[in-house]
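Input: a single structure, listed below in structure tokens.
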Amino acid sequence: MIGIDKLGCYVPKTVLPLTTLAHARGVDPDKYTQGIGQKEMAMVSHNEDVVTMACEAAHTILSDEDKALIDMVLFATETGLDYSKAASIYALDVLGLPASTRAIELKQACYASTGAMFLAMDYVRSHPTKKVLVLSSDIAWYGFESAGEVTQGAGAIAMLISMNPRLGAIKEGKKTVRNEKDFYRPLYSKVPVVDGKLSIECYQDMLKEVQDHHPRLYTCFHLPFANMAKKANQVMTHPMDEQHLSVVKELGSRVGNIYNGSLYLSLLSVLMHAKEDLRGETIGMFAYGSGAMAEFFTITLKEDYKSGLNMESLKAIDQDRIELSMHEYESLMNHYENKEYSASLDLSTYVKPYQTFVLDRATSGHRTYKKLK
Ligand code: COA
């Protein structure tokens, strides 16, 4: 049996309430909070990037014993730092993983994390004593006053893939790929080109095609915004009721879009907020990455699935959040854009007490990270 041994998450502490954004943009706040379903969106702070977020997520779950068994690190992102060098090399170094590890970065919009997970499972099948660390880390940035501004967010998921997993066994389902132009980010652009309505159509069509038609207590979805769960549920042969649907999207509504990690954030939402005893339960999982690739699979939770989670760190996602004003949000995201396109950086003055990993500086475009604790 192969699957997810441990699952960890990191979300930046700095958040923009969607009512603040609505007032600034002259939009009825109900459109964002009721229509789109988002309460807040997490924004990266000055010295965070996809590497620091991935390391924070991994740090919450990895023991020294796990680290010694990791043979490969797959880093799924659509917020790449470099055309050549994989973000996994930075992450591997900062996390102190063995030098004999394979380190690769993967891309296919928000689907790469799931693709990486299935590649990791195949690797573990042929190397049964080894573990693979799959990191998903993204910053969803669409630009000020864009249609997608309300569906931004940032965060990371870390998954440890192994034989005899603690959390749950993964069972492959059906997958499909099509050439679509719903969302992509060409080399000339700092932000994605998005046709949101087409993307919802592609998502629903592909979900219809790959779903397995079994009734289930919960199906988790890739959620670019919380109410995508409602639209996904509408095309399911056996839709969930309102109460179960709200459990699937609760965490996403507080975090926003984290691209590759979104589906796994939805799974964590169920694991944290479900009222039922989930031991032995099979949960449906729908992965979607624009462009477009979709896959349906299931996870069957182990009796002791909670031993694969760090509940303290998951509860901390909701605690001590720092609400940004509109001015702070604008200045933070201007800083973010400048940072991503600067060859030299010194961010050493921005350290916050809650951070374990920070981006300290960049020299000739090469990033230097620090582990603080
Ligand atoms: N009160 C309550 N609800 C309201 C409202 C109000 N005053 N005004 C509008 N709404 C509802 C609409 O009825 C609609 O609900 P529905 O979808 O259930 O019909 C919802 O709010 C959104 O309104 P809409 O007019 O469709 O919003 P929009 O044109 O601004 O587009 C997105 C919304 C999500 C399509 C857009 O933000 C987007 O493209 N985001 C990017 C998504 C993405 O990244 N996709 C690719 C990755 S999978």
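Computed from a predicted model, the values in this text were never measured in an experiment. For ligands, and for the atoms within them, numbers begin at 1 and follow the listed sequence.
Atoms of ligand 1 found under 4.0 Å from any heavy atom of Asp28 (numbered from 1 in listed order, with element): 6 (C), 7 (N). The distance from ligand 1 to the heavy atoms of Ser290 drops below 4.0 Å at these ligand atoms: 46 (C), 47 (C), 48 (S). Proximity to Val150 (heavy-atom distance under 4.0 Å) selects the following atoms of ligand 1: 37 (O). Against a heavy-atom cut-off of under 4.0 Å, Phe183 is close to the following atoms of ligand 1: 44 (O), 46 (C).
Between Lys306 and Glu312 no salt bridge is recorded (no basic side-chain N to carboxylate O distance below 4.0 Å). Salt-bridge check for Lys131 with Asp66: passed, with a basic side-chain N closer than 4.0 Å to an acidic carboxylate O. In this structure, Lys190 does not pair ionically with Glu340, as no charged nitrogen and carboxylate oxygen lie closer than 4.0 Å. Ion pairing between Glu56 and Lys352 fails under the 4.0 Å rule for side-chain N and carboxylate O.
Evaluated by nearest non-hydrogen atom to atom 39 (O) of ligand 1, the leading choice among Gly37, Gly196, Ala292, Ser262 is Gly196.
Checked by atom type, the side-chain pair Tyr123/Asp71 shows a donor-acceptor distance below 3.5 Å. When only modelled atom types and interatomic distance are considered, Asp182 and Ser290 share a side-chain donor-acceptor pair under 3.5 Å.
The protein non-hydrogen atom at the shortest distance from atom 2 (C) of ligand 1 is Asp30 O, 3.5 Å. Of all protein heavy atoms, the one closest to atom 33 (C) of ligand 1 is Ile36 CD1, 3.7 Å. The nearest protein atom to atom 30 (O) of ligand 1, hydrogens excluded, is given as Lys31 NZ, 2.8 Å; this is a heavy-atom distance. With respect to atom 40 (N) of ligand 1, the closest heavy atom belonging to the protein is Thr151 OG1, 3.1 Å. The nearest heavy-atom contact from the protein to atom 45 (N) of ligand 1 is Ser199 OG, 3.8 Å. Shortest contact from atom 21 (O) of ligand 1 to any protein heavy atom: Gly35 CA, 3.1 Å. Residue, atom and distance of the protein heavy atom nearest to atom 31 (O) of ligand 1 are Lys197 NZ, 4.0 Å.
In this structure, CD1 in Ile4 is found 5.0 Å from CE in Met159, a value given to the nearest 0.5 Å.
Looking at Asp195 against ligand 1, nothing comes within 4.0 Å, counting heavy atoms. Counting heavy atoms under 4.0 Å from ligand 1, residue Ala147 touches it through the backbone alone. Residue contacts with ligand 1 for Glu149 are absent, since no atom lies close enough (heavy atoms, distance under 4.0 Å).
A cation-pi contact, defined as under 6.0 Å to the ring centre and within 45° of the axis, links Lys85 to Tyr90.
Considering backbone and side-chain N/O atoms, Lys231 comes within less than 3.5 Å of an N/O atom of ligand 1.
In this structure, atom 14 (C) of ligand 1 has its sub-4.0 angstrom surroundings free of protein heavy atoms.
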List the steps, then state whether ring-ring contact (aromatic ring centres under 6.0 Å, His included) holds for Phe297 with Phe118. CA-CA 10 Å; Phe297 62 97; Phe118 280 108; 5.4 Å; yes
Given the rule in the side chain to side chain donor-acceptor pair (under 3.5 Å) test, do Ser88 and Glu105 qualify, once you have shown the distances and angles that lead to the verdict? CA-CA 6 Å; Ser88 46; Glu105 185 174 310; 6.0 Å; no
Please determine whether ring-ring contact (aromatic ring centres under 6.0 Å, His included) holds for the pair Tyr218 and His244, giving the CA-CA distance in whole Å, both sets of side-chain angles, and the decisive distance to 0.1 Å. CA-CA 7 Å; Tyr218 290 103; His244 287 86; 4.9 Å; yes
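Look at Met228 and you'll find every heavy atom at least 4.0 Å from all atoms of ligand 1. At least one heavy atom of Tyr142 sits less than 4.0 Å from an atom of ligand 1.
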